[in-house]
Amino acid sequence: MPRAAPPRVPLAKPVDTVPAGTLRQLRLRAADCRACPLWRDATQTVFGAGPARAAVMLIGEQPGDQEDRQGEPFVGPAGQLLRDLLAECGLAADAVYLTNTVKHFKFHPRGKRRLHQRANAAEQAACRPWLAAELLRLRPRWVVALGAMAAQTLFGDAFRLTRERGRWRALDERTDAIASWHPSAILRMRGEPREHALRDLRRDLRKVAARVAGDVPPTPPGDAP
């Protein structure tokens, strides 16, 4: 019998090879990743966390200071905001899989503080196989891209969060995805823009919760509200 074709990696950006293994095995292998220079200054790799059969996967951009220290995603101030919103919308944080596009903390020191720096294109590309492996291992029904980096990894460089946030897209025959604001971006905003972005993220997470509750069929190719 002919061998079945491997599942398509549901990412817009290319991945040459995808690591194989269970999530536990992938986490252990990623701990020794030296594919880009970020490991040199980071405390540790911050791999994804959550149930292996989670129906919902949230993808952020990269770890922050607290994530780097604790080795878990979304445990700093932005993570607390996200977890509060998940609970408010009826999505238990321990029932979803949380991860980042980049697995090491990139920063520059300022006194005793470590200030976040955005990973460049080469660093993002070096980390992409780990994200691809997580997606293929979980095969989630719904994916939430938080922030422009995660959204463009899924949908391509032409994606603009300010224009296309909140629209469902089909990643493959099983998985639908939606993009929204990253909670860290919301925390950096002030006044009315912050209130608008917080309202948007809350609305988008409620869309996810409604699909989980109603088991809505996959989105056909193209966009859907």
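Predicted, not measured: the structure shown is a model, and the values here were computed from it. Numbers here simply count residues along the sequence, with the first being 1.
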In residues 55-63, what donor-acceptor pairs under 3.5 Å come from side-chain atoms, sequence neighbours left out?
| residue | atom | partner | partner atom | Å |
| --- | --- | --- | --- | --- |
| E61 | OE2 | A148 | N | 2.9 |
| E61 | OE2 | M149 | N | 3.0 |
| Q62 | OE1 | A119 | N | 3.0 |
| Q62 | NE2 | H116 | NE2 | 3.2 |
| Q62 | NE2 | Q117 | O | 2.5 |

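- Shortest non-hydrogen contact noted between P19 and T17 is CD-O, 4.0 Å.
- If you take OG1 on T22 and CZ on R27, they are separated by 11.0 Å, rounding to the nearest 0.5 Å.
- To the nearest 0.5 Å, atom CG of residue L146 and atom CG of residue L205 are 7.0 Å apart.
- Interatomic distance, CD1 of I186 versus CG of L81, reported as 6.0 Å (0.5 Å rounding).
- Contact between R141 and R174 at its shortest, heavy atoms only, is NE-O, 3.5 Å.
- Using a 4.5 Å heavy-atom cutoff, the side chains of W181 and T162 are in contact.
- The backbone N or O of E67 lies less than 3.5 Å from no partner atom in the side chain of E72, so there is not a single donor-acceptor pair.
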Would you list the atom pairs, donor with acceptor, under 3.5 Å between side chains in residues 32-39 and any protein atom, with sequence neighbours excluded?
| residue | atom | partner | partner atom | Å |
| --- | --- | --- | --- | --- |
| R34 | NH1 | D32 | O | 3.4 |
| W39 | NE1 | C36 | O | 3.4 |

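- In this structure R194 satisfies the side chain to side chain donor-acceptor pair (under 3.5 Å) test with no other residue, sequence neighbours excluded.
- The minimum heavy-atom distance linking A179 with F159 is given by the pair CB-CZ, 3.6 Å.
- Using a 30° and 60° split on the angle between ring planes, F74 and H182 fall in the parallel class, below 30°.
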Test log, rule side-chain contact (heavy atoms from CB on, under 4.5 Å), inputs Q152 and R160: CA-CA 8 Å; Q152 290 177 354; R160 293 294 177 267; 3.2 Å; yes

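- In this structure the side chain of P140 reaches within 4.5 angstrom of the side chain of L135, judged on heavy atoms.
- Nearest heavy atoms, D204 versus S180: OD2-OG, 2.6 Å.
- Taking 4.5 Å as the limit, every side-chain heavy atom of R113 sits out of range of all side-chain heavy atoms of F107.
- Cation-pi geometry between R114 and F105 is not satisfied (NZ or CZ under 6.0 Å from the ring centre, within 45° of the ring normal).
- Under the 4.5 Å side-chain criterion, counting only non-hydrogen atoms from C-beta, P73 is not in contact with T99.
- A continuous path of ILVMFWY side-chain contacts below 4.5 Å connects F155 to L161, so both sit in one hydrophobic cluster.
- Considering only heavy atoms from C-beta on, L98 comes within 4.5 Å of R83 through its side chain.
- Closest heavy-atom contact between H104 and A42: CD2-CB, 3.8 Å.
- Here W168 contributes atom CH2 and I178 contributes atom CD1; the two are 5.0 Å apart, rounded to the nearest 0.5 Å.
- At least one side-chain heavy atom of L23 sits less than 4.5 Å from a side-chain heavy atom of Y97.
- Between the CG atom of L26 and the CZ atom of F47 there is a distance of 5.0 Å, given to the nearest 0.5 Å.
- Taken together through direct or relayed side-chain contacts under 4.5 Å among Ile, Leu, Val, Met, Phe, Trp and Tyr, M189 and L82 form part of one hydrophobic cluster.
- Linking ILVMFWY side-chain heavy atoms closer than 4.5 Å, directly or via other members, places L86 and V144 in a single hydrophobic cluster.
- The nearest pair of heavy atoms linking L11 to A132 is CD1-CB, 3.8 Å.
- Under the 4.5 Å side-chain criterion, counting only non-hydrogen atoms from C-beta, R118 is in contact with Q124.
- Sorted by first then second residue, the salt bridge (charged side-chain N to carboxylate O under 4.0 Å, His left out) pairs that include residues 97-112, not counting sequence neighbours, are K103-E134, K106-E123.
- Side-chain N or O atoms of R29 include one that pairs as donor or acceptor with a backbone N or O of A20 at under 3.5 Å.
- Partners of A92 by side-chain contact (heavy atoms from CB on, under 4.5 Å), not counting sequence neighbours, listed by chain and number: D94, A95.
- Scanning for side-chain contact (heavy atoms from CB on, under 4.5 Å) contacts around R202 gives L85, E88, C89, L198, R206, with sequence neighbours left out.
- Note that OG1 of T153 and CG of N100 are 11.0 Å apart. Values are rounded to the nearest 0.5 Å.
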